[in-house]
Amino acid sequence: MKKLAKLATLALLCACDLARAEYPDKTVTIVVPFAAGGPTDKVARDLAESMRKPLGATIVIENVGGAGGTLGVTKVARAQADGYTLLLHHIGMSTAPALYRNLQYKTLDDFEYLGMINEVPMTLIGRPTLPASNFPELLKWLNANKGKVNLAHAGLGAASHLCGLLFQSALKMEMTTVPYKGTAPAMTDLLGGQVDLMCDQTTNTTGQIEAGKVRTFGVTTLHRLPAPPSLAKLPTLDEQGLKGFDVTIWHAMYAPKGTPKAALDKINAALKVALKDPEFVKHMTALGAVVINDNRVNPAEHKKYVEVEINKWGPIIKAAGQYAD
Ligand code: ASP
């Protein structure tokens with residue numbers, strides 16, 4: 001009898017413990033679908049730093065690069081929906097459906113949308129040994145080297161791929177594209193002179209531009225950037241003749257479909273605190289990024305925005321005749 005009472009007490013204690021074990025009670029992993037040290041990784045690591053406290057959990061980053069980010073996204077779509085595996089991805093979430101005929105996930109059905117993070121312009125840069133130090137000189141060099149020019153990117157569906165695609169189509173010129181698992185390794189090869197050109201987020205290029213280590217040909221926004229000073233002086237590609245050239249990359253956070261609402265609410269609340277963290281805002285601003293401060297930090301508006309972007313980029317990509325299996 002005594003034994004039974006003891007067992008009943010133990011069972012009660014266990015039930016209480018379970019009820020108390022609220023999310024999060026272990027490490028949260030954010031999957032970045034590109035290589036470490038690149039622009040997506042940089043945003044994720046800065047954000048994780050600012051989300052750790054409000055979420056009340058250790059956050060680690062897992063880099064799953066390859067296939068323009070789609071490998072990492074697929075991994076998260078198939079992960080356990082318990083709030084401990086999240087995804088931080090960029091505009092590729094909306095360009096991949098037009099680029100891949102056999103995408104292993106459904107962008108709008110397989111994820112919980114957690115909110116958007118920032119918007120980041122891009123810069124067209126070249127290897128330091130490129131014999132052109134401004135855009136008109138680059139055009140001359142490109143014309144003189146038709147068929148020999150190569151352009152680095154982070155795979156079909158990457159931001160750098162989208163920008164490179166628009167660049168080639170604006171010039172009506174085909175270049176040899178060289179895919180990497182992220183633009184961190186691509187930058188290493190560009191600095192070493194193994195590839196000629198790359199278009200990448202300012203979160204990756206600003207340091208190299210400020211150090212004078214790369215050739216810089218322009219920014220991808222319609223208007224010149226307000227900050228930081230090293231980027232503000234760069235002309236746009238639009239004003240240099242590529243009329244209407246306009247690409248801005250955005251980043252956002254996702255969880256696998258079916259993640260419990262209680263966990264989603266906590267992650268979104270922590271994300272909103274992080275987006276207002278002066279340290280996070282300072283880091284992003286110094287790299288030319290703008291932290292999102294409107295209703296797209298809410299799941300419903302985030303999802304609506306992705307739908308708008310899918311409908312915007314799909315026809316542009318299809319018109320450029322690009323796809324993969
Ligand atoms: N910025 C890269 C891209 O082109 C990805 C990365 O390495 O973060 O999408």
Side-chain angles (χ1 to χ4, degrees), residues 30-48 61-76 86-100 103 107 116-126 150-168 175 177-191 195-209 214 219-221 231 247-254 283-284 287-290 306 309 313 316-317 320 322 324:
I30 298 180
V31 171
V32 167
F34 294 105
T40 318
D41 182 69
K42 220 169 275 176
V43 172
R45 285 177 199 272
D46 268 9
L47 188 76
I61 307 298
E62 184 185 352
N63 299 90
V64 184
T70 60
L71 292 185
V73 182
T74 303
K75 178 167 182 166
V76 175
L86 307 176
L87 168 72
L88 191 149
H89 194 15
H90 60 30
I91 196 167
M93 205 67 179
S94 65
T95 57
L99 285 162
Y100 288 83
L103 209 54
T107 309
M116 293 180 64
I117 299 161
N118 65 9
E119 290 179 304
V120 194
M122 304 187 89
T123 43
L124 179 67
I125 57 171
N150 58 47
L151 176 85
H153 65 65
L156 257 70
S160 46
H161 169 259
L162 176 67
C163 183
L165 183 65
L166 297 178
F167 184 56
Q168 292 172 83
M175 298 170 194
T177 58
V178 187
Y180 291 81
K181 282 192 175 173
T183 44
M187 180 67 91
T188 305
D189 274 9
L190 187 94
L191 292 170
V195 283
D196 299 317
L197 293 168
M198 176 163 73
C199 184
D200 199 19
Q201 286 105 301
T202 56
T203 32
N204 198 33
T205 59
T206 305
Q208 307 296 352
I209 291 171
V214 290
V219 291
T220 63
T221 44
L231 299 180
V247 200
T248 296
I249 305 312
W250 45 267
H251 294 88
M253 194 173 267
Y254 309 81
H283 283 172
M284 289 296 112
L287 295 174
V290 176
V306 174
E309 287 281 278
W313 292 111
I316 297 172
I317 290 165
Q322 285 266 336

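Nothing here was measured: the structure is a model prediction, and the numbers come from that model. In listed order, ligands and their atoms are each counted from 1.
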Indicate every side-chain donor-acceptor pair of residues 195-202 with a distance under 3.5 Å to a residue at least two apart or in another chain.
unit_1 : atom_1 : unit_2 : atom_2 : d
Asp196 : OD1    : Arg127 : NE     : 2.7
Asp196 : OD1    : Arg127 : NH2    : 3.2
Asp196 : OD2    : Asn150 : N      : 2.9
Asp200 : OD1    : Thr183 : OG1    : 3.3
Asp200 : OD2    : Thr183 : OG1    : 2.8
Asp200 : OD2    : Asn204 : ND2    : 2.7
Thr202 : OG1    : Leu287 : O      : 2.6

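- Shown here for Thr203 and Ala289, the closest heavy-atom pair between the two residues is CG2-CB, 4.3 Å.
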Practice task
Any chance you could lay out the side chain to side chain contact (heavy atoms under 4.5 Å, CB included) test for Thr123 and Thr206, step after step, and finish with the verdict?
Solution key: CA-CA 9 Å; Thr123 43; Thr206 305; over 6 Å; no

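- Residues Tyr100 and Leu156 share a closest heavy-atom pair of OH-O, 2.5 Å.
- With rounding to the nearest 0.5 Å, the separation of CE in Met175 from CG in Leu165 is 11.0 Å.
- At a heavy-atom cutoff of 4.0 Å, ligand 1 is surrounded by Phe34, Pro39, Thr40, His90, Ala154, Ala158, Ala159, Ser160, Gly182, Thr183, Asp200, Gln201.
- Atom-to-atom distance recorded for Leu47:CG and Met253:CE is 5.0 Å, nearest 0.5 angstrom.
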